[in-house]
Peer 1: 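Please read through the structure below; I'll follow up with questions.
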Amino acid sequence: MPAIDPDLIPADLFPVIDALCATGAQLSAVIARGPLGQSLGAGVGENSDGDQQKALDVMADEMFEAALKPAGVRHYASEEQEVVLTLDAAGPYALAIDPLDGSSNIDVNVTIGTIFSIFDAVADPTASFLRPASEQIAAGYIAYGPQTLLAVTFGAGTLLYVLDPETGRFVLASEAMVLPVAAKEYSINASNRRHWTAPVLAYVEECEAGETGAKGKTMNFRWVGSLVAETHRILTRGGTFLYPSDARKGYEKGRLRMVYEVAPMAFLVEQAGGQATDGKTPILSLQAGALHERCPLVFGSAEEVARIAALHG
Ligand code: AFP
């Protein structure tokens with residue numbers, strides 16, 4: 001029994017998407033049990049970039065790696081693995097994944113997610129991923145929240161599926177998500193204000209100025225600390241998200257990783273009519289120079305992203 005309706009999924013990619021969804025449904029059940037199961041938020045070590053690994057990070061990575069090996073994935077690049085793994089030397093695809101994004105929210109019952117990006121594999125494992133983000137053939141996220149959702153694109157719009165808890169299958173909910181052009185909300189970690197660049201500060205101050213300011217309207221503020229939760233809200237009702245570079249050591253390129261966070265979200269957002277930049281340059285025209293490289297990210301309603309680019313001169 002497939003884990004997702006096959007109708008709108010390209011046949012050659014179906015085994016990969018089905019494996020992702022089957023694993024996502026299993027993870028959803030584990031996450032839903034929370035403290036009734038093992039301690040999912042317990043620190044168990046550090047990943048290659050020195051970020052603390054939670055038990056669920058490691059569990060999710062192991063589950064996705066095992067499920068994708070027989071599904072046609074040759075190269076597997078994970079936030080939780082230092083180097084690219086070769087799963088099936090005859091497989092046609094290269095898949096990058098953040099198995100569990102938003103780990104800091106595991107123990108407080110806030111939406112977390114899985115983010116993935118798919119390329120046609122090339123001979124060299126790392127070269128499969130260090131290429132223009134526009135060469136992605138698919139990208140998506142699974143959100144583990146009040147609903148478990150899959151948003152996915154194959155380059156012809158952004159599709160939305162909902163996991164039906166009664167059947168354990170992902171069912172189509174929208175053939176074309178449309179990101180609203182106008183925004184009423186903006187998202188940025190405001191505790192970093194003193195570290196921001198002048199253009200970022202200028203934009204946030206415009207948002208704070210309300211109806212008497214340059215925007216002539218009141219904006220609301222949201223910060224969940226989970227990229228998948230922010231992206232789904234913005235895809236659904238518009239808004240802007242900023243994780244810019246800032247003056248903190250190590251944040252010269254922001255916090256988010258190009259290969260398995262920034263590039264897939266940019267693909268999904270642009271396919272829904274939004275825009276995604278590094279503040280000024282379209283993400284899809286950029287490529288990572290190293291597997292875990294960071295990249296500043298601004299995305300959301302087209303008119304807001306354009307305003308932020310204008311402020312960056
Ligand atoms: P974790 O997976 O370490 O919780 O990081 C989540 C994340 O990569 C992204 O999902 C959030 O938008 C962002 O980090 C939150 O970063 P801050 O904790 O600096 O606000």
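Counting starts at 1 for both ligands and their atoms, in listed order. These numbers were taken from a predicted model, which means no experiment stands behind them.
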Peer 1: Please report whether ligand 1 has a polar contact with Asn192, defined as an N or O pair separated by less than 3.5 Å (distance criterion only).
Peer 2: no
Peer 1: Give the single entry among Asp246, Asn47, Thr231, Asn189 that approaches atom 17 (P) of ligand 1 most closely by any heavy atom.
Peer 2: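 Among Asp246, Asn47, Thr231, Asn189, the closest heavy atom to atom 17 (P) of ligand 1 belongs to Asn189.
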Peer 1: Just need the protein heavy atom nearest to atom 19 (O) of ligand 1, so name the residue and atom and give the distance.
Peer 2: Tyr243 OH, 2.7 Å
Peer 1: Enumerate the atoms of ligand 1 whose separation from the nearest heavy atom of Arg255 is less than 4.0 angstrom.
Peer 2: 1 (P), 3 (O), 5 (O), 7 (C), 8 (O), 13 (C), 14 (O), 16 (O), 19 (O)
Peer 1: Which atoms of ligand 1 sit under 4.0 Å from any heavy atom of Gly225?
Peer 2: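 So the atoms of ligand 1 that pass are 6 (C), 10 (O), 11 (C).
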Peer 1: Polar contacts were defined as any N/O atom of the residue lying under 3.5 Å from an N/O atom of the ligand; does this apply to Leu227 and ligand 1?
Peer 2: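 Looking only at distances, the answer is yes, because the N/O contact criterion of under 3.5 Å is met.
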Peer 1: Taking Leu227 as the starting point, is it possible to reach Leu284 by hopping between hydrophobic residues whose side chains are less than 4.5 Å apart?
Peer 2: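 Different clusters: Leu284 never reaches Leu227 through Ile, Leu, Val, Met, Phe, Trp or Tyr contacts under 4.5 Å.
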Peer 1: Once the angle between the rings of Tyr243 and Tyr251 is folded into 0 to 90°, is it parallel (under 30°), tilted (30 to 60°) or perpendicular (over 60°)?
Peer 2: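 It falls in the parallel class, under 30°.
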Peer 1: Heavy-atom pairs closer than 4.0 Å: do any link ligand 1 to the side chain of Ser226, the backbone, both, or neither?
Peer 2: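 Looking at Ser226 and ligand 1, just backbone atoms fall under 4.0 Å.
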Peer 1: Below 4.0 angstrom from a heavy atom of Glu261, which ligand 1 atoms are there? Numbered from 1 as shown, please.
Peer 2: 8 (O)
Peer 1: Check each of Leu286, Leu256, Asp278 against Val262 using the side-chain contact (heavy atoms from CB on, under 4.5 Å) test, and report the only one that passes.
Peer 2: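 Checked Leu286, Leu256, Asp278 against Val262; only one passes side-chain contact (heavy atoms from CB on, under 4.5 Å): Leu256.
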Peer 1: Consider every N or O of Val228 and every N or O of ligand 1, then say whether any pair is closer than 3.5 Å.
Peer 2: no
Peer 1: Ignoring hydrogens and angles, tell me if any N or O in the side chain of Asn192 forms a donor-acceptor pair with the backbone of His195 under 3.5 Å.
Peer 2: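 No, the answer is negative, given that no donor and acceptor are paired below the 3.5 Å cut-off.
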Peer 1: Got an N/O contact under 3.5 Å between Arg248 and ligand 1?
Peer 2: no
Peer 1: Please determine whether side-chain contact (heavy atoms from CB on, under 4.5 Å) holds for the pair Leu160 and Val152, giving the CA-CA distance in whole Å, both sets of side-chain angles, and the decisive distance to 0.1 Å.
Peer 2: CA-CA 7 Å; Leu160 178 66; Val152 63; over 6 Å; no
Peer 1: Hey, is Leu256 touching ligand 1 through its side chain, its backbone, both or neither, going by heavy atoms under 4.0 Å?
Peer 2: side chain
Peer 1: Can you list the ligand 1 atoms lying under 4.0 Å from a non-hydrogen atom of Trp223?
Peer 2: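 Near Trp223, meaning under 4.0 Å from one of its heavy atoms, ligand 1 has 15 (C), 20 (O).
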Peer 1: Within 45° of the ring axis of Tyr186 and under 6.0 Å from its six-membered ring centre, is that where the NZ or CZ of Arg222 lies?
Peer 2: no
Peer 1: Report the residues that fulfil side chain to side chain donor-acceptor pair (under 3.5 Å) with Gln81, sequence neighbours left out, ordered by chain and then residue number.
Peer 2: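 If we apply the side chain to side chain donor-acceptor pair (under 3.5 Å) test to Gln81, skipping adjacent residues, the hits are Asp61, Glu65.
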Peer 1: Fit a plane to each ring of His232 and Tyr141, take the angle between them on a 0 to 90° scale, and name the class: parallel (under 30°), tilted (30 to 60°) or perpendicular (over 60°).
Peer 2: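 The rings of His232 and Tyr141 stand perpendicular, inter-plane angle above 60°.
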Peer 1: Does Val44 have any side chain to side chain contact (heavy atoms under 4.5 Å, CB included) partners at least two apart in sequence or in another chain, and if so, which?
Peer 2: Gln53, Ala55, Val58
Peer 1: Mind checking whether Ser104 has an N or O less than 3.5 Å away from an N or O of ligand 1?
Peer 2: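 Yes, since at least one N or O of Ser104 sits under 3.5 Å from an N or O of ligand 1.
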